[in-house]
Structure formats: structure tokens, C-alpha cells
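Residue numbers begin at 1 in each chain, while the letters A, B, ... track the order of the sequences.
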Amino acid sequence: MSVRVRFAPSPTGYLHIGAARTGLFNWLYARKVGGKFLLRIEDTDLQRSTEESTRSILEGLAWLGLDYDEELVFQSANADKHRAAALHLIESGRAYRDFTPKAERADKNVKQEIAERARVAASEGIDQRSNPYRDLSLAESNARAAAREPFAVRLRVPRAGRTQFADAVYGPQEREYAEIEDLVLLRSDGHPLYNLSVVCDDIEMSITDVIRGQDHLTNTHKQILIYEALGANVPRFAHLPLILAPNKAKLSKRKHGEVVSLTTYRDRGFVAAAFRNFLALLGWSPENSEQEVMSLDELIEQFSLEGIHRAPAIFNFNEHDPRQWTDQKALWMNAEYIRTMPLAELWPLIRAELEASGLWRESFETDERAWFERTVEAIRHRFFTLKDFSAQGRAYFADEFEFDEAAVAKNLKKEPRLKELLPALADKLEQVEPFNAETSEAALRAFADEAGVKAGLLINAARTALTGQAVGPSMFEVFDLIGRTRSARRLREAVRLI
RNA sequence: GGCCCGUUCGUCUAGGGGUUAGGACGUGGCCCUCUCAAGGCCAAAACACGAGUUCAAAUCUCGUACGGGCUACCA
């Protein structure tokens with residue numbers, strides 16, 4: 001049977017980078033083995049699920065280029081089927097109605113409460129099968145249900161035995177039934193619970209391989225019990241190591257903010273291919289290769305479940321340092337893509353960025369095309385994100401641009417003679433014919449000799465005058481790109497800054 | 001508390017009985033140079049700890065420590 005995998009995020013908040021990576025691995029696996037990659041939105045938690053979140057997930061996947069096969073599935077649409085499955089399990093004796101009144105749970109410290117309850121249960125040696133309704137006859141159970149007495153549905157876990165499966169990443173796993181409680185399948189309000197819903201949907205969607213976060217590793221045993229009760233084939237499982245924050249805590253929206261949101265990367269100027277490449281290397285590495293920068297085709301070609309690690313990966317960033325707002329390697333990867341991508345692929349990304357900041361002109365694609373390409377080639381080598389094209393790169397595309405204060409102080413203010421030198425240099429440049437990198441360099445150097453100053457003084461001053469920056473490409477290349485007229489004008493206008 | 005999972009440079013990782021423990025990011029230095037968070041070269045930097053098996057352990061076994069996950073009528 002051909003491979004069918006799925007990515008099943010719940011639409012509560014934005015798409016988390018950990019979830020995005022899970023999606024990516026599923027997608028890579030499907031593409032690698034020629035299987036299907038399905039998408040299912042697990043929106044059964046009506047309280048927390050939002051349409052906006054679903055949209056953000058879809059957008060995020062599209063941005064990463066993870067296209068899905070077949071119809072998008074909304075889990076909430078299958079609730080009736082899940083309920084029917086639970087009821088069917090009562091009929092077949094694999095589940096039972098629990099008429100115990102629902103215990104109220106304080107929303108606050110759920111985890112602690114659970115741990116506490118478990119501790120007490122353990123110290124008292126509680127038997128997981130001690131539910132008084134477990135052995136109620138089906139006839140009586142039916143009668144009480146017919147009398148509209150509320151009930152939850154619990155799986156009747158066998159008293160003796162164990163579940164076992166071979167995880168593709170973590171190896172052989174087994175668990176005694178005695179350690180698994182009679183889990184609730186259906187709430188007393190008729191709402192199907194997670195473990196039931198996933199299993200039902202995965203069966204319905206004919207999922208052959210479940211690739212998901214390690215946080216589900218121990219749940220898997222419960223799910224296997226449900227598969228068996230339902231008489232369905234158990235899929236293969238592969239659990240992925242978690243992505244942790246620098247303090248080794250779980251990466252969370254509340255604690256870590258936008259750095260965990262995939263859309264942040266899109267909005268802050270990441271090239272999707274670069275971020276995807278970075279994500280692929282978090283918890284996976286290619287076998288027999290030390291190559292890290294990989295195209296999508298190479299990623300598909302190299303991908304294998306065997307290459308997935310068992311230890312969690314730390315997503316390294318420092319919220320107190322703007323330069324390290326996200327993982328340094330991710331930033332480097334992005335810069336690497338920006339400076340080495342084929343220009344044709346980078347072009348639309350730059351266009352989108354310039355359009356968004358009002359710097360785009362149609363002529364960049366027609367009359368000024370050659371100039372635009374040369375300019376991009378000249379500046380992209382020191383850019384880290386697409387935002388740099390509209391920020392640091394602004395002066396190449398527009399006449400209004402900001403001057404970096406430090407650059408002004410260092411290259412203009414520190415030498416008062418520049419008040420006279422810059423306009424004089426402008427005069428010289430206006431006489432150069434033709435005007436290009438070589439001739440402007442010759443003119444500038446000759447002028448420096450004449451004026452008795454170092455060429456570097458004029459070069460650095462000109463850089464700041466023309467681009468507002470202290471850093472940039474070779475200055476003579478910049479003269480050429482900005483052009484004679486604009487260069488001369490900017491040199492003269494810079495006098496007011498000295 | 002119980003069960004499960006994990007632990008190689010600061011971070012991502014290679015390596016699965018014999019290696020000068022390899023690569024990448026970041027860091028430091030040098031070179032280039034008109035500047036730079038560009039490019040080139042170099043360097044510092046790791047097998048959590050303790051036992052055991054073995055001629056030989058980062059690698060296999062056990063234990064300890066630490067971290068994480070699950071343990072719910074959440075997903």
C-alpha cells in the first residue's frame with residue numbers, strides 16, 4: 001500500500017515553528033517515497049479554535065511550499081462519525097458507559113492537579129480497572145442511557161497484556177495495559193475526545209505513517225488500543241524530537257512570543273526556502289553528507305526517517321538582543337540564500353518587498369532592468385533579510401532616504417573640510433565623460449591628490465552622502481549605480497549634515 | 001509520584017568498539033581593502049558523571065545526575 005501521511009495542526013493561534021517542521025517532515029517523506037501528504041485541521045476544541053488561525057496555518061504552509069494532496073479535512077466535521085464509533089464500541093463490548101458525575105477541574109493548574117491525583121492514586125495502589133461501571137451489564141447500561149442519565153464513554157482496556165510498536169525514530173516501545181487507564185472516548189456532553197478523533201480520522205483517511213511530535217509518544221499506546229478495539233490496522237509511527245527554547249523549556253507563545261510563529265519569519269524578510277532549509281536541519285541531518293545548504297529537490301532526495309535524531313533541538317535566540325532575535329544560523333542561512341540564489345528566483349521576492357514599501361517602479365522590469373539587476377547584485381551580498389532591500393538599500397531606489405547617525409558622525413562630521421571638498425568633488429564628477437566606475441575612481445583619486453587629502457576620506461564621505469550608510473559595495477560601483485546627476489546632487493546636499 | 005524519552009564544542013550536528021573526535025553557525029585573530037554584519041585563511045571550543053564488559057569505550061551494559069514528554073470528560 002502506498003504511503004499516506006498527514007499533518008494535523010490544531011488551529012489555536014498561529015502556526016508554531018515546531019508544528020511547521022512536523023509538517024515539513026511529513027511532506028518531505030511523502031514526496032520522497034511518492035506518497036500522499038494530507039492536511040487535517042484539528043478544530044475539535046471549539047473554545048480555542050479560530051478561523052483566523054486556520055487561515056494562518058494555510059498561509060504558513062503555502063509560504064513554505066508544502067502543498068497538500070486531496071481535500072482539506074476539518075476534524076469537527078467528523079464528530080458524528082467519532083461518536084458513532086464510540087457507541088459502536090459499547091455494542092461490541094470494547095467500551096462502556098461511565099455514569100460517574102463529571103468532576104469539575106480548575107482550569108488553572110491542570111498539570112499539577114493531575115500529577116497530584118496520580119501521586120495519591122499511586123500511593124494508595126489504585127487499580128486502573130476499578131471503575132464500578134466497567135462491569136455493568138450492557139442491558140442495564142442501555143436502560144440508564146435510555147433514561148437520559150448522562151454518561152461518558154470509556155475504553156475497556158484489557159486487564160492483562162501490553163501494547164507494543166516499533167517507532168521509526170525511537171525504536172521498540174512497549175507498555176503494560178496496567179499502566180493505561182480506561183481512557184474516556186466520549187465526554188458526557190457527547191463531545192468526542194482527542195485520542196478517539198485522531199484514530200478515527202487516521203483510519204478514515206487511510207493514513208499509513210503517523211509522523212508527529214515526541215509529545216505524543218506515550219499517547220500512542222492508548223491510540224493503538226483504540227485501533228485494535230475498532231479492528232483497524234495500526235499505522236507505522238515516527239516521533240520527532242521536540243524543539244526547545246534556550247533554557248530547554250518548551251517553546252511557547254506565551255513565554256517566547258513571535259519568535260515561535262512561522263509568519264514572523266515571512267513578515268521579517270525571510271526567504272521561505274532558507275527558513276525551510278534551516279527547519280529541515282533541526283532534528284534531522286542527511287546521511288553521508290555534510291552539505292547544509294540544500295535545495296528542495298536535494299532535501300527530498302536526502303530525506304529519510306533514519307536521519308531523524310532522538311535528542312531535542314534547542315532553538316537558539318536571545319530576546320534581549322535585537323541582533324539575535326532568532327537563531328543565528330537561521331539568519332545566516334537566510335543571508336546565504338539572499339546572496340547566492342539565482343537572481344530570477346530572488347527577483348519576485350525583492351519586488352514584493354519594494355512594492356510593500358512603495359519603492360517599486362515598473363521600469364525596473366523594463367527600461368531599467370539591466371540597471372536594477374546590477375544594483376541587486378551589488379548590494380545583496382551584505383544583506384541578511386529581504387527587508388534590507390527597502391531599508392539599507394533604499395537609497396538605490398529612491399531619493400528620500402535616512403542617514404545613519406553613526407555613519408554621518410564618522411564619515412562626514414569628523415572632517416569640516418568636507419564642506420568644501422564634497423561640492424568640489426561633485427563639480428569634478430560632473431565633468432567626467434563617460435561616467436562609470438573606472439572614470440569616477442580616476443576623477444576622485446586625482447581630486448584627492450590635488451586637494452591633499454586621502455582618497456579614503458572622500459570615498460567614505462561619499463558613501464554616506466550617497467547612501468546614508470557607513471557600509472556598502474565598492475564606492476565607485478555605487479557612483480556608477482546612482483549615476484552622475486544624483487551622485488553630484490547628493491554630494492552637495494550632504495554639506496548640510498557636516 | 002509513576003511511566004516513557006533523551007544527554008558529543010555556546011548552538012545545530014557527524015561519528016555506533018581502535019579517529020589528531022569531523023563539519024556548520026556564532027566567537028576571536030590575520031589577510032584583502034575605500035567602508036562593512038562581504039570575501040579568503042587560521043584559531044579557541046565538546047563526548048554529563050560513576051561503575052562494568054573489553055587488549056581497547058564518545059561508541060556496548062548498568063546506575064546516578066540533569067533535562068524533556070505523557071499521566072485530563074485538553075489537543
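- Residues satisfying the salt bridge (Lys or Arg N to Asp or Glu O under 4.0 Å) criterion with A:R156, sequence neighbours excluded, are absent altogether.
- Side-chain contact, A:D201 with A:Q75: a donor N or O sits under 3.5 Å from an acceptor N or O.
- For the C1' atoms, the distance linking B:A44 with B:G50 amounts to 30 Å, nearest Å.
- Base-pair partner of B:A21: not found among the strands shown (Watson-Crick or G-U wobble, both distances under 3.5 Å).
- A straight line from CD of A:Q302 to P of B:A14 spans 13 Å, rounded to a whole angstrom.
- Nucleic acid contact for A:Y194: base, since at least one base atom lies under 4.0 Å from a heavy atom of the residue.
- Residues forming a side-chain contact (heavy atoms from CB on, under 4.5 Å) with A:E52 (at least two apart in sequence, or on another chain): A:T50, A:R55.
- Taking the six-membered ring where the residue is Trp, the centroids of A:W325 and A:Y265 are separated by under 6.0 Å.
- A:R40 has a carboxylate O that lies under 4.0 Å from a charged side-chain N of A:D202, or vice versa, which qualifies the two as a salt bridge.
- In this structure, A:H221 reaches neither bases nor backbone, as no heavy-atom distance under 4.0 Å exists between it and the strands shown.
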Legend entry - Under 4.0 Å protein heavy-atom contacts per nucleotide of nucleotides 23-41 of chain B, with B for base, S for backbone only and - for none: BBSS-------BBBBSS--
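- With a cut-off of 3.5 Å on both Watson-Crick or G-U wobble distances, the partner of B:C36 is given as none.
- No engagement by A:E176 is indicated, since no non-hydrogen atom pair under 4.0 Å with the nucleic acid exists.
- For the C1' atoms, the distance linking B:U27 with B:C9 amounts to 12 Å, nearest Å.
- Within the 4.0 angstrom heavy-atom criterion, only backbone atoms of the sugar-phosphate kind lie near A:G283; the bases stay farther away.
- Judged as a salt bridge (Lys or Arg N to Asp or Glu O under 4.0 Å), and not counting sequence neighbours, the contacts of A:E373 are A:R369.
- For A:R484, the side-chain hydrogen bond (donor to acceptor under 3.5 Å, both in side chains) partners are A:E433, not counting sequence neighbours.
- Comparing atom distances between the A:E181 side chain and each of B:G6, B:C12, B:U71 picks out B:U71 as nearest.
- Within residues 152-167 of chain A, the residues approaching RNA chain B are A:A152, A:R154, by heavy-atom distance under 4.0 Å.
- Base contact: A:S188 has a heavy atom under 4.0 Å from a base atom.
- Both A:D45 and A:L282 lie near RNA chain B, and the one whose nearest nucleotide falls closer to the 5' end is A:L282.
- A donor-acceptor pair shorter than 3.5 Å can be found between the side chains of A:Y337 and A:N277.
- Residue A:L183 contributes atom CG, which lies 14 Å from atom C1' of B:A75 at whole-angstrom precision.
- Note on residues 14-25 of chain A: no pairs pass side-chain hydrogen bond (donor to acceptor under 3.5 Å, both in side chains), not counting sequence neighbours.
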Inset, instruction - Decide salt bridge (charged side-chain N to carboxylate O under 4.0 Å, His left out) for A:D189 and A:K102; before the verdict, give the C-alpha distance in whole Å, the side-chain angles of both, and the deciding distance to 0.1 Å. - result: CA-CA 10 Å; A:D189 63 3; A:K102 183 185 175 189; 5.9 Å; no
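- No hydrogens or angles considered: a donor-acceptor pair under 3.5 Å links the side chains of A:E287 and A:S304.
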Inset, instruction - Determine, for nucleotides 64-70 of chain B in 5'-to-3' order, which nucleotides have protein heavy atoms under 4.0 Å from the base (write B), from only the sugar-phosphate (write S), or from neither (write -). - result: ---SSBS
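- Spacing between atom CG of A:L186 and atom P of B:A72 amounts to 18 Å, rounded to whole angstrom units.
- The pair A:E149-A:R97 does not count as a salt bridge, with every side-chain nitrogen at least 4.0 angstrom from each carboxylate oxygen.
- Near-neighbour residues of RNA chain B inside residues 5-15 of chain A, defined by a heavy atom below 4.0 Å, number-ordered: A:S10.
- Base-pair partner of B:G63: B:C49 (Watson-Crick or G-U wobble, both distances under 3.5 Å).
- Nucleotides B:G6 and B:U13 are separated by 15 Å at their P atoms, to the nearest Å.
- Note on A:T100: a base of the nucleic acid sits closer than 4.0 angstrom, heavy atoms only.
- Rounded to a whole angstrom, the distance from the C1' atom of B:C55 to that of B:G15 is 23 Å.
- Taking atom P in both B:C12 and B:G68, the straight-line distance is 15 Å, to the nearest Å.
- Screening residues 153-187 of chain A for ring pair (Phe, Tyr, Trp, His ring centres under 6.0 Å), with sequence neighbours left out, gives A:F165-A:H221, A:F165-A:F237.
- Residues passing the salt bridge (Lys or Arg N to Asp or Glu O under 4.0 Å) test with A:E176 are A:R162, sequence neighbours excluded.
- As judged by a 4.0 angstrom heavy-atom cut-off over every strand, A:Q469 is placed among residues making no nucleic acid contact.
- Every residue two or more places apart in sequence or in another chain that forms a side-chain hydrogen bond (donor to acceptor under 3.5 Å, both in side chains) with A:D98 is listed here: A:T100, A:N131, A:R154.
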